[in-house]
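Reviewing the structure listed below.
Chain naming here is simple, since letters A, B, ... match the order of the sequence lines and numbering starts at 1 in each. These values consider heavy atoms only, across backbone and side chains, with no hydrogens, waters or symmetry-generated copies.
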Amino acid sequence: MNKKTHSQVFDSAAREHIPDQVDLTTQIMAHIQSKRKGVSMNPKFKRAMTVLVVTTIFLITFANVPTVVHAFQALLGYIPGVGTVDSADSLRVLAEPVSQEKEGVTVTIHQGAVDSHRTILTMSISGLTATEYNLNCLYGDSHDPWLTLPDGTKLALTQFTGIGPTRYDLRYYFPSLPKGVDSATLQIPCLLYGDAPRGWKIPLRFGPADGLTPLRVIEIDPATPGVQAAAQSPYSISAILEQVILLEDGYIFSFSLVWGDGHGALNNILSVTPDVVQIADADGNKLAAEWVAPDNPDRDTQIHERETLAYKVSGKEHAWPLTINIVNTQVRSINSGGYRFFKLDLGTNPQIGQRWTLNQDLTGHLHTLHLNSAALINDPQSGKPGILFNIQSDTDVLDLWLEDAQSDGHFTSLLSSNTQPGHISVGLVFDDGIPAGERTFMVGGMAVLAHGNWQMTWQP
Amino acid sequence: MDEDVQAIHRLKSGDIGGLEVLIAHHQLKAIRTAFLITHDEAAAEDVAQDAFIRFFERIHHFDERRAFRPYFMRSVVNLALNLAQRESRGLQFSSDDDTSQLEALLARAVSVENQVEFLQLQREMLTVLFKLPPRQRAVIVQRYYLEMGEDEMAETLAIAPGTVKWLLNAARTRLRDMLGPQRNLL
């Protein structure tokens, strides 16, 4: 029998998508050479270019926005609903909204814009009641939508984001339509949810953005005082205000929580999700702030460890400066608490239903967990034995999971259930029958509420 | 491997041809690794390209005594995982993401001789793989495709070896079901 290795099997599977002929050499070398040319620029010429660039930025900034003294104006504009666009180039927009109906389900493309580097479409689906993803669609072959140009060229989807208020409201991003090409067909093989109709082909037509002036987007200089909130110990999460969009009736503030080393290296944090965000004026009055879908899929690809948010504040007249305060965030991390192992002696012949009183503290860097008790149970779903631990904690501990240090991976860790603040039940199910004897466990990871009060201020 | 050492030596000496050698040797594995984690062909190429450029930019910090391939593949895995995690925000993954299904398919695929069946198994494997959350995908890819040891995987993912085991076995949790009839035990 011609037995293959696991690696060969995966290699063969991946080959269907990444053929042997793929060669990145040319593009990598071109990228490096272009950077090298920049480095080897004649010093005199370089100085002249620097002066020119600085002068240009100065003129753009202060000629157009005289009141903004610590922000620089990038060539970005904002179209409500669509998001940021490159306003320096000839902008095209969807000529009219387009809808298509199939079997009671309607897909509507509401807005669209084509700038120098991407095509943006906003869409919604109505008549679809399924809430579960159709996994065959989500993970099957050729599930992503694409644009077909009149000459047959396909532009693949580069990204999509949810834009609320429902999961059926999406924003698609494609590469820019070539200049002179003002029509395309949006093809959606399937709709991701439930058993929705497939094979959507929606003709789109774009035209000049006559009469449409994108709103101004101010890219905030990170050196501006007040726009960065320093890293908060122990998670080293910092916050930074990155963009302010000047709406006719208010402002949109786009900011990020950033962690890690900024170079893509993983640390123990899996995710950071702001829990409470407040925006207040200079008098301390809290302003109504509305979440809006952030729009920066292309921003700063060097820094992956970030969570970007955007909030809208209505009204142009405020007691300045405004302060954006991220009061706390949920931090989900692996092995970051520094918890030690703990032991439980199950005895030689433990029985389902048997309980043990633990009554011991488990001390970590940040939170103390008190192990109350453990019980041997039957997991009703798998029929396998498990141990359910009852743990008391402070109310900032939201969730945790345990590992069995001895079972060589033959266990399933169960999500904890925070039945009430400060009380956590968490379990392990064992594949190899009822465990016996002394077992060693550890806290593998946890989700906690981190109180940072990350504050950023801004005024026009 | 000697060719890698020579290529790195050339690179450190300022000969960019060394990078071409490394690209030629490692790009396919790098792109396929990234694809298996990101499930996106174009993104996989970007990841591999990014990894090579980063390596080039930091060549002077690279210790020539280290083996290039594991070092480089760790970088690819990290970049791909970061991208996949970012792209998958808001997506829900199957609640039945036990890796055992994947491992069973893999076990069949290694010994099946019928080419059609093999192709079918491969596709099923990828379908199951892409149902897993990105981090778990990365663990599977490192374990079975890159054939890394658990310690090395743990180092790549900055987690404890025990957690690697956990990730490899992490069937989605079912505590709510479990708690139902047993809640009064505690």
Side-chain angles (χ1 to χ4, degrees), chain A residues 1-7 9-14 16-18 20 22-25 27-29 31-32 133 135 139-140 156 159 162 264-268 304-305 334-335 353 355 373 375 377 379-381 386 388 390 403 405 408-417 425 427 442 444-445, chain B residues 16 20 23-24 27-28 31-32 35-36 39 41-42 44-45 48-49 52-53 56 78-79 81-83 86-87 90-92 94 106 109-111 113 122 125-127 130-131 141 144-145 147 157-160 162-163 165-166 168-171 173-182 185-186:
Chain A
M1 183 183 287
N2 182 21
K3 196 164 181 176
K4 299 165 277 290
T5 67
H6 292 147
S7 183
V9 172
F10 270 111
D11 203 57
S12 177
E16 278 203 77
H17 300 265
I18 310 290
D20 292 344
V22 171
D23 189 356
L24 301 176
T25 309
Q27 57 210 74
I28 292 172
M29 301 312 274
H31 181 95
I32 289 170
Y133 283 108
L135 293 176
Y139 300 110
Q159 189 168 8
L266 286 172
N267 56 21
N268 289 331
H304 303 303
E305 293 161 316
I334 287 180
N335 283 356
R355 295 185 59 189
S373 60
I377 60 165
D379 174 12
Q381 185 168 331
L388 200 56
N390 177 278
E403 295 181 23
D408 197 25
H410 297 293
F411 66 90
T412 298
S413 181
L414 301 177
L415 267 189
S416 64
S417 169
S425 293
M442 68 171 285
Chain B
I16 199 169
E20 291 187 42
I23 294 170
Q27 61 176 337
L28 266 184
I31 302 170
R32 286 174 183 161
F35 168 73
L36 291 169
H39 189 201
E41 291 91 339
E45 290 189 16
Q49 178 175 328
F52 278 114
I53 291 169
F56 170 76
N78 274 340
L79 289 169
L81 178 56
N82 282 330
L83 183 70
R86 193 178 44 175
E87 299 289 309
L91 294 183
Q92 293 173 349
S94 165
L106 192 55
V110 295
S111 50
E113 294 195 71
Q122 278 181 189
M125 251 175 49
L126 288 191
T127 302
F130 295 136
K131 285 180 187 173
V141 168
Y144 293 111
Y145 184 44
E147 299 177 320
L157 297 170
I159 54 180
T163 309
K165 287 176 187 163
W166 178 81
L168 280 166
N169 287 277
T173 57
R174 307 183 292 270
L175 189 69
R176 284 184 200 286
D177 296 335
M178 184 176 169
L179 274 175
Q182 308 287 348
L185 278 174
L186 295 178

Problem set entry | Derivation and outcome, side chain to side chain contact (heavy atoms under 4.5 Å, CB included), residues Glu147(B) and Thr5(A) | CA-CA 10 Å; Glu147(B) 299 177 320; Thr5(A) 67; 4.3 Å; yes
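The parts of Gln27(A) that come within reach of chain B are both its backbone and its side chain, each placing non-hydrogen atoms under 4.5 angstrom from that chain. Using a 4.5 Å cut-off between heavy atoms, Tyr145(B) contacts chain A through both its backbone and its side chain. The contact between Gln49(B) and chain A is made by backbone and side chain atoms together, counting heavy-atom distances below 4.5 Å.
Closest heavy-atom contact between Ala13(A) and Leu126(B): O-CD1, 3.7 Å. Taking both residues in full, the closest heavy atoms of Gln27(B) and Asp23(A) are given as NE2-OD1, 2.9 Å, listed atom of the first, atom of the second, then distance. The two atoms that bring Ile23(B) and Met29(A) nearest to each other are CD1-SD, 4.3 Å, heavy atoms only.
Rounding to the nearest 0.5 Å gives a distance of 5.5 Å between CG of Leu24(A) and CD of Glu45(B). Residue Ile28(A) holds its CD1 atom at 6.0 Å from CD1 of Ile53(B), rounded to the nearest 0.5 Å.
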